[in-house]
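I have placed the structure first, in the form of structure tokens, so that the comments after it can refer back to it.
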Amino acid sequence: MPNSLISIGVTAKQLGTSIDTLRRWDVSHRLPSIRSGPLGHRFYRQEDVDIFLRNESTLARQWALASAGAPPSNDVYCQTRDVFQARLEKLQHTLQGKVSESAVSLLSAVAGEIGNNSFDHNLGNWPDVTGIYFSYDMRNKNIVLADRGQGILTTLKRIRPELTDASQALKVAFTETVSGRFPEARGNGLKFVRAVIIENPFTLKFQTGDASLFLKEYDKELSISRGEEYIRGCIAIIGFENSK
């Protein structure tokens with residue numbers, strides 16, 4: 001029943017998070033609960049939980065697209081690399097038993113590469129919000145990362161000034177080994193990401209500027225499309241539907 005009430009424990013399992021996190025989300029009104037019983041136990045509408053699950057990647061996208069930057073919720077905000085690394089280790093722990101051991105390692109490596117790229121190549125040049133949005137959803141089996149950085153085109157133009165649009169920059173980042181003085185050597189990590197995705201039962205949706213790509217297993221041809229929405233930084237959604 002979509003409107004049935006479920007306990008905080010069941011809700012935590014569905015969302016792949018902890019009860020303490022749900023309590024913080026309740027206080028911040030990110031996912032409000034319904035108090036019931038003499039002790040005021042927290043319960044959640046199944047419908048609200050389903051909507052929340054469907055919208056996690058949408059929340060990251062809305063944050064990346066916003067004209068005015070503001071830090072996201074603390075539960076998904078990694079202001080520094082140290083915070084990101086700690087939460088990456090938590091992701092590895094969360095993935096244990098839900099995907100194969102090899103998938104745990106590879107998914108962590110892909111997420112780590114994308115997140116570290118954001119920190120490496122925006123060092124000292126964050127336009128507004130420093131750090132990244134990092135979240136994951138064990139029920140829908142995806143990992144979401146986003147930043148409000150300079151974007152791949154601006155970064156790569158420092159060593160490839162002939163690039164004129166985000167589509168060209170995105171293709172270079174995912175297909176060519178780019179060399180240059182640190183931290184301008186962007187693209188080597190994303191080439192690794194592409195290799196992992198197409199050799200495993202994963203998917204990747206990645207956008208920077210107005211250019212986006214979708215990769216899946218055995219997808220050796222790189223297809224890049226252009227849309228109307230413009231993301232100055234980057235957003236990546238890693239899927240692992242069939243990786244058990």
Side-chain angles (χ1 to χ4, degrees), residues 57-72 77-81 84 109-135 143-198 203-216 219-239:
S57 59
T58 301
L59 291 172
R61 185 173 187 83
Q62 289 174 342
W63 176 77
L65 283 167
S67 57
Y77 182 35
C78 299
Q79 184 175 14
T80 65
R81 192 192 302 268
F84 173 60
V110 167
E113 197 67 56
I114 293 173
N116 282 319
N117 261 358
S118 293
F119 286 104
D120 288 343
H121 305 296
N122 290 293
L123 185 65
N125 291 298
W126 293 97
D128 49 31
V129 181
T130 301
I132 66 172
Y133 187 114
F134 178 41
S135 183
I143 303 164
V144 182
L145 302 101
D147 70 61
R148 291 180 58 86
Q150 303 170 91
I152 291 178
L153 176 60
T154 298
T155 305
L156 279 181
K157 276 181 71 70
R158 298 185 182 122
I159 52 175
R160 296 286 296 271
E162 73 277 10
L163 296 174
T164 59
D165 59 49
S167 295
Q168 292 177 340
L170 195 56
K171 182 177 181 180
V172 169
F174 275 89
T175 61
E176 298 183 24
T177 300
V178 184
S179 61
R181 182 176 60 84
F182 180 84
E184 286 82 8
R186 184 163 196 162
N188 302 328
L190 295 182
K191 184 180 177 183
F192 161 78
V193 166
R194 181 190 176 207
V196 172
I197 295 296
I198 66 176
T203 60
L204 174 67
K205 297 177 182 178
F206 193 101
Q207 180 176 347
T208 182
D210 62 352
S212 55
L213 63 80
F214 177 75
L215 285 175
K216 62 182 183 299
D219 211 358
K220 295 186 177 180
E221 293 297 322
L222 196 67
S223 177
I224 298 173
S225 60
R226 299 181 70 175
E228 295 181 359
E229 291 185 320
Y230 183 92
I231 292 178
R232 181 180 56 204
C234 302
I235 182 169
I237 304 172
I238 307 161

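At least one side-chain heavy atom of Leu222 sits under 4.5 Å from a side-chain heavy atom of Leu215.
When all heavy atoms of Arg148 and Ala64 are compared, the pair lying nearest together is NH1-O, 3.2 Å. Across Ile114 and Val193, no two heavy atoms sit closer than the pair CG1-CG2, 4.0 Å. In this structure, Ala211 and Ile224 approach most closely via the heavy-atom pair CB-CG2, 4.1 Å. Here the shortest heavy-atom pairing between Trp63 and Pro72 reads NE1-CD, 3.4 Å. Residues Pro71 and Tyr77 approach most closely at CB-CE2, 3.7 Å, considering heavy atoms. Contact between Ala60 and Tyr133 at its shortest, heavy atoms only, is CB-CE2, 3.5 Å.
Considering Arg160, Arg194, Lys171 as possible partners of Glu176, the one that fulfils the salt bridge (charged side-chain N to carboxylate O under 4.0 Å, His left out) test is Arg160.
Taking CG of Leu145 as the reference point, atom CD of Glu113 lies at 11.5 Å (rounded to 0.5 Å). The distance from atom CZ of Phe119 to atom CG of Asp147, rounded to the nearest 0.5 Å, is 9.0 Å. Interatomic distance, CG of Leu156 versus NE2 of His121, reported as 8.5 Å (0.5 Å rounding). A distance of 13.5 Å separates CD1 of Ile198 from OG1 of Thr203, quoted to the nearest 0.5 Å. A distance of 5.5 Å separates CZ in Phe174 from CG in Leu204, rounded to the nearest 0.5 Å.
With Asn117 contributing its side chain and Gly115 its backbone, the two residues share no donor-acceptor pair below 3.5 Å. A distance-only check finds a donor-acceptor pair linking the side chain of Gln207 to the backbone of Glu229 [under 3.5 Å]. Side-chain N or O atoms of Asn122 include one that pairs as donor or acceptor with a backbone N or O of Ser118 at under 3.5 Å. When atom types are taken as modelled, the side chain of Gln150 and the backbone of Ile152 share no donor-acceptor pair closer than 3.5 angstrom. Checked by atom type and distance alone, the side chain of Thr208 pairs as donor or acceptor with a backbone atom of Gly233 at under 3.5 Å.
Surrounding CD of Glu228 are at most 12 heavy atoms belonging to other residues, nucleotides or ligands under 6.0 Å away. Heavy atoms of other residues, nucleotides or ligands lying less than 6.0 angstrom from NZ of Lys157 number more than 12.
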